[in-house]
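Each remark here refers to the structure printed beneath this line.
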Amino acid sequence: MDRRELLFAAALLLTAVLVSGGLAYAVALPFEEGFEGTDHGLYPSGDTWTNLSWGMGAYVTEYNFLSGSKSFRLNSWPFAAQMDYVVLDELPAHLSYEAAVCLDATSGWEALIGFMDRYNSTYPMWNFFCVDGAASSVSFCGEEQVELGSYTRGNWCTVRADLNYESLTAKLWVDGELVGQGVEITPREFYYAPMGDVVTDQWGVASEATFAWSNIVYFDDLHLWESSTLLTVNIDVKPGSTTNPINLGAEGVLPVCVFSSESFDATQIDPFTCELAGAPVALRGDAPMAHLEDVDGNGLLDVMLQFEIQELDPVQLSGGWAVLVGSLMAEDMTYASSAQGEEFVGMDQVALAMHGVRTRGRSRR
Ligand SMILES: [Ca+2]
Ligand SMILES: [Ca+2]
Ligand SMILES: [Ca+2]
């Protein structure tokens, strides 16, 4: 294809995009795209993808891929980025996205992954990754740019952001490794004078307009989903014991401490919602056996919960771990520490014993 044909094809595609512009369907979460359902050389099929800025082109290719046999290839002009996106039908308070990206070994310079929009002739992006072939680096741009690690052109790299729009922070991952926590992000919706009310619901991939003649980048295995709102908390089965032996044949209660931290207020736990290995908190009359106490002496009150040993499910403990699940009290949902969600989970290792009756003088310990 010579350049004139290419421009003509680009113009045709642009027309097609403009004509069908209002018809693009918003995608539901979870959204997964591996580009296997489109023939080589074509724009992704269906009404999912929309072109935002047209550079040299975007099409599904069989030349490079991470999974299956295809990926999405984007190529920009020096002054025209190639940007393509999907519209999300919802923006949950906890949203994660993941994408695999590969910069062409010789002609790949910069790939961008995240939320994008158009304002006149500019293309602002929010909460996006930048994979830079010239600088050999991966960074993330939320409220500011954060360097995350190195990258070598020609390799596939997987980036992931867990966005928490309540605390306005993100956890960031590169190739499955947690490389950033508490990174400040841009809100889901905000007011920006030149653009008015901005809703960051267009997520996609881009080949940045660099000064190189061609900037060829590949994307595969795109994934967006509503993140778990489960909080992970620190617990201690049998405070004071490090081995945490549980004699499943015994009567009585098993104490478990749930610790407070700077980001979690254990005093807001609803004991009636707590379960340890399937057992509810023991009752004394109608009251749950729970009390507040600063067990670790850090100045923050922790919660001591008592569970009936006979109610514990041996099967759930058989792996050597006791898992506690529960919820915070509903009226406390405005409390800052519960911003990540009302449910929590914690676990501790235990050593099981099954003695029915201990024979005096013949204890094995
Ligand atoms: Ca694929
Ligand atoms: Ca313990
Ligand atoms: Ca404490």
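Bear in mind that the values here come from a model prediction, so they are computed numbers and not experimental data. All values below were derived from every heavy atom in this structure, side-chain atoms included, with hydrogens, water molecules and symmetry-related copies excluded. Sequence positions, counted from 1, serve as the residue numbers for this chain. Both counts, for ligands and for their atoms, begin at 1 and track the order of listing.
Other residues, nucleotides and ligands place no more than 12 heavy atoms under 6.0 Å from the CD atom of Glu144.
Within Asp236, the N, O or S atom at minimum distance from the Ca ion (ligand 2) carries the name OD1. For Asp294, the N/O/S atom at the shortest distance from the Ca ion (ligand 3) is named OD1. Nearest N, O or S atom of Asp296 to the Ca ion (ligand 3): atom OD1.
Around the Ca ion (ligand 2), the angle linking Asn244 (OD1) with Ser241 (O) is 70°, rounded to 10 degrees.
Distances from the Ca ion (ligand 1) under 3.0 Å pick out these protein N/O/S atoms: Gly34 O, Glu36 OE2, Ser67 O, Lys70 O, Asp220 OD1, Asp220 OD2.
Residue Gly240 does not count as close to the Ca ion (ligand 2), with no N, O or S atom under 3.0 Å. Metal site remark for the Ca ion (ligand 3): Asn298 contributes an N, O or S atom at a distance under 3.0 Å. Distance check for Leu300 against the Ca ion (ligand 3): an N/O/S atom falls below 3.0 Å.
Trp126 pairs in a ring-ring contact (aromatic ring centres under 6.0 Å, His included) with only one of the listed residues (Phe190, Phe115, Trp203), which is Phe190.
Here the side chain of Thr200 pairs a donor or acceptor atom with the backbone of Arg188 at under 3.5 angstrom.
Remark: Lys238 does not engage Asp236 in a salt bridge, criterion side-chain N to carboxylate O under 4.0 Å.
Residues Asn64 and Trp156 bring a donor and an acceptor atom of their side chains to less than 3.5 Å of each other. A side-chain donor-acceptor contact under 3.5 Å links Ser67 and Asp221.
Using cut-offs of 30° and 60° for the angle between ring planes, the Trp54 and Tyr43 rings count as tilted. Relative orientation of the Tyr63 and His40 rings is perpendicular, given thresholds of 30° and 60° on the angle between their planes.
In summary, the aromatic rings of Tyr25 and Trp49 are positioned with their centroids too far apart to meet the 6.0 Å limit.
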